[in-house]
Peer 1: 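Structure incoming, see below.
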Amino acid sequence: MTEQSAATDQTDKYRAPALERGLDVVELLSIRDEPMSKKEIADALGRSVNELFRMLVVLERRNYIALEKGTGKYRLTLKMFELSNKHPPIERLLSAGRPELAELAELTQQSCHIAVYHDGAMLIVAKQDSPYKMGFSIRQAARIDVHGSGSGLAMLAFKTPEQRRAILAATTATPEQAQSALSQMDTIRRQGFFFGASPQVSGITNISYPVFNSQSEVEAVLTMPFLTLNSDSLHHQVVSFEDSRNAVARSAANLMAAIGGRLPDTPSET
């Protein structure tokens, strides 16, 4: 018996169809912006309403989904988000991160966010918008490309070569995009952070600092999408890029101290 067929046998042996249907519902609602009716959910999953009826009842009773009055449509609740935040490393990070982000945004008049690597992308787990009337904002729980973001590149730089290749293989990066990301690793690792023009938004310069845990592994990345403002036309003092970068560095150090993290002894090898 081949390894592949053995793995297939194990997968078939431990199937839990009811659980899988319930998870299908949760995952579907998580990627939809609008609530969905029973029929819409059934059609999207290629199942009948009868197959999903009990799943919907249980998920609603356990508060994973909610039925909207008036429309009869289901939406995802925040329970999954709440559960993930109770996981000790994330809980400690967010507990320290929220006030730190608020202080950083107030000091620099720029927005900022914390991202962690999850399932082939960087996931925004906390954010703070600029207190100024103008600013760049990213949605909480948004997924951003590893290879095309300051957060992703700052995270990759402190992984081993094998880990980098495995992470990039799990993303949507083309071979050319993966190679472009890898070509920046030495520079980022040497300076200890990433800064560079945003590939998605003109006028934005990403400043990204890794936050290390107690094992000197990247737990998260603190990023400021620095928006270049014209000081001649504004009625307040504009904090410079370098002062903003230093502020991000201090905040990342504060976050690392809060979770008991420590810097790596030596940079990872190429």
Side-chain angles (χ1 to χ4, degrees), residues 27 30-31 80-81 84-85 87 89-94 96-98 100-101 104-105 110-129 135-185 187-189 191-201 204-213 215-227 245 248-249 251-252 255-256 259 261 264 268:
E27 291 175 357
S30 73
I31 61 174
M80 294 293 291
F81 183 72
S84 67
N85 286 346
H87 185 57
I90 292 294
E91 183 180 19
R92 291 197 302 271
L93 179 68
L94 295 183
R98 292 186 183 102
E100 196 67 47
L101 290 179
L104 178 60
Q110 300 279 347
S111 64
C112 46
H113 56 263
I114 296 172
V116 299
Y117 176 72
H118 174 69
D119 194 25
M122 300 303 292
L123 179 69
I124 307 302
V125 296
K127 55 163 281 190
Q128 180 67 50
D129 291 341
F136 176 81
S137 178
I138 190 166
R139 179 172 56 82
Q140 187 154 317
R143 293 166 59 87
I144 55 179
D145 290 335
V146 171
H147 61 277
S149 67
S151 297
L153 294 174
M155 179 271 298
L156 280 176
F158 293 90
K159 298 291 186 181
T160 66
E162 294 76 15
Q163 288 171 327
R164 291 179 201 139
R165 287 193 290 270
I167 288 171
L168 288 170
T171 71
T172 59
T174 65
E176 293 77 15
Q177 290 170 330
Q179 185 54 45
S180 175
L182 293 173
S183 70
Q184 303 178 65
M185 297 295 98
T187 299
I188 299 168
R189 204 170 50 252
Q191 61 194 17
F193 63 95
F194 169 85
F195 77 94
S198 168
Q200 291 92 14
V201 185
I204 294 288
T205 302
N206 289 324
I207 306 171
S208 299
Y209 273 79
V211 177
F212 298 95
N213 61 22
Q215 285 76 47
S216 298
E217 299 168 340
V218 179
E219 182 80 19
V221 180
L222 172 61
T223 291
M224 174 180 289
F226 183 86
L227 178 63
R245 185 192 66 77
V248 178
S251 291
L255 287 176
M256 191 163 60
I259 64 173
S268 56

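Since we're looking at a predicted model, the values are computed, not measured.
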Peer 1: Atom CG of Leu168 and atom OG1 of Thr174: how far apart are they, to the nearest 0.5 Å?
Peer 2: 10.5 Å
Peer 1: Rounded to the nearest 0.5 Å, how far does CG of Leu156 lie from CZ of Arg165?
Peer 2: 12.0 Å
Peer 1: May I ask you to decide if Ser137's main-chain N or O and Lys127's side chain share a donor-acceptor pair within less than 3.5 Å?
Peer 2: no
Peer 1: Give me the atom names and distance for the closest heavy-atom approach of Thr223 to Ser208.
Peer 2: OG1-OG, 2.7 Å
Peer 1: Would you call Ile114 and Glu100 a side-chain contact if the rule is heavy atoms closer than 4.5 Å?
Peer 2: no
Peer 1: Ignoring hydrogens and geometry, is there a side-chain-to-backbone donor-acceptor pair from Asn213 to Gln215 under 3.5 Å?
Peer 2: yes
Peer 1: Please report the interatomic distance CD(Gln128) to CE(Met224), rounded to the nearest 0.5 Å.
Peer 2: 11.0 Å
Peer 1: Return the minimal non-hydrogen interatomic distance between Ala157 and Arg164, and the atom names on each side.
Peer 2: O-NH2, 3.3 Å
Peer 1: Short question: side chain of Ser180, backbone of Gln177 - any donor-acceptor pair under 3.5 Å?
Peer 2: no
Peer 1: What distance separates Leu104 CG from Leu255 CG, expressed to the nearest 0.5 Å?
Peer 2: 9.5 Å
Peer 1: Measure the spacing between CZ of Phe194 and CD1 of Ile207 and express it to the nearest 0.5 Å.
Peer 2: 10.5 Å
Peer 1: What pair of heavy atoms forms the shortest contact from Pro210 to Ala154, and how long is it?
Peer 2: CB-O, 4.3 Å
Peer 1: Do you know which of Leu93, Ile124, Val211 makes side-chain contact (heavy atoms from CB on, under 4.5 Å) with Val116?
Peer 2: Leu93
Peer 1: Taking side chain as C-beta onward, heavy atoms only, is Leu153 less than 4.5 Å from Met185?
Peer 2: yes
Peer 1: At their closest point, which heavy atom of Gly120 faces which heavy atom of Thr171, and how far apart are they?
Peer 2: O-CG2, 3.4 Å
Peer 1: Closest approach of Leu222 and Val248, non-hydrogen atoms and distance?
Peer 2: CD2-O, 3.7 Å
Peer 1: With side chains defined as the heavy atoms from C-beta onward, is the minimum distance between Glu219 and Met256 less than 4.5 Å?
Peer 2: no
Peer 1: Nearest 0.5 Å, please: how far is CD1 in Ile138 from OG in Ser111?
Peer 2: 9.0 Å
Peer 1: Hey, can you tell me if Phe212 and Phe158 have their rings parallel, tilted or perpendicular (30° and 60° cut-offs)?
Peer 2: perpendicular
Peer 1: How far apart are the closest heavy atoms of Ala252 and Tyr209, and which atoms are they?
Peer 2: CB-CB, 3.7 Å
Peer 1: For atom CZ of Phe195, decide whether the heavy atoms of other residues, nucleotides or ligands shown that lie under 6.0 angstrom number more than 12.
Peer 2: no
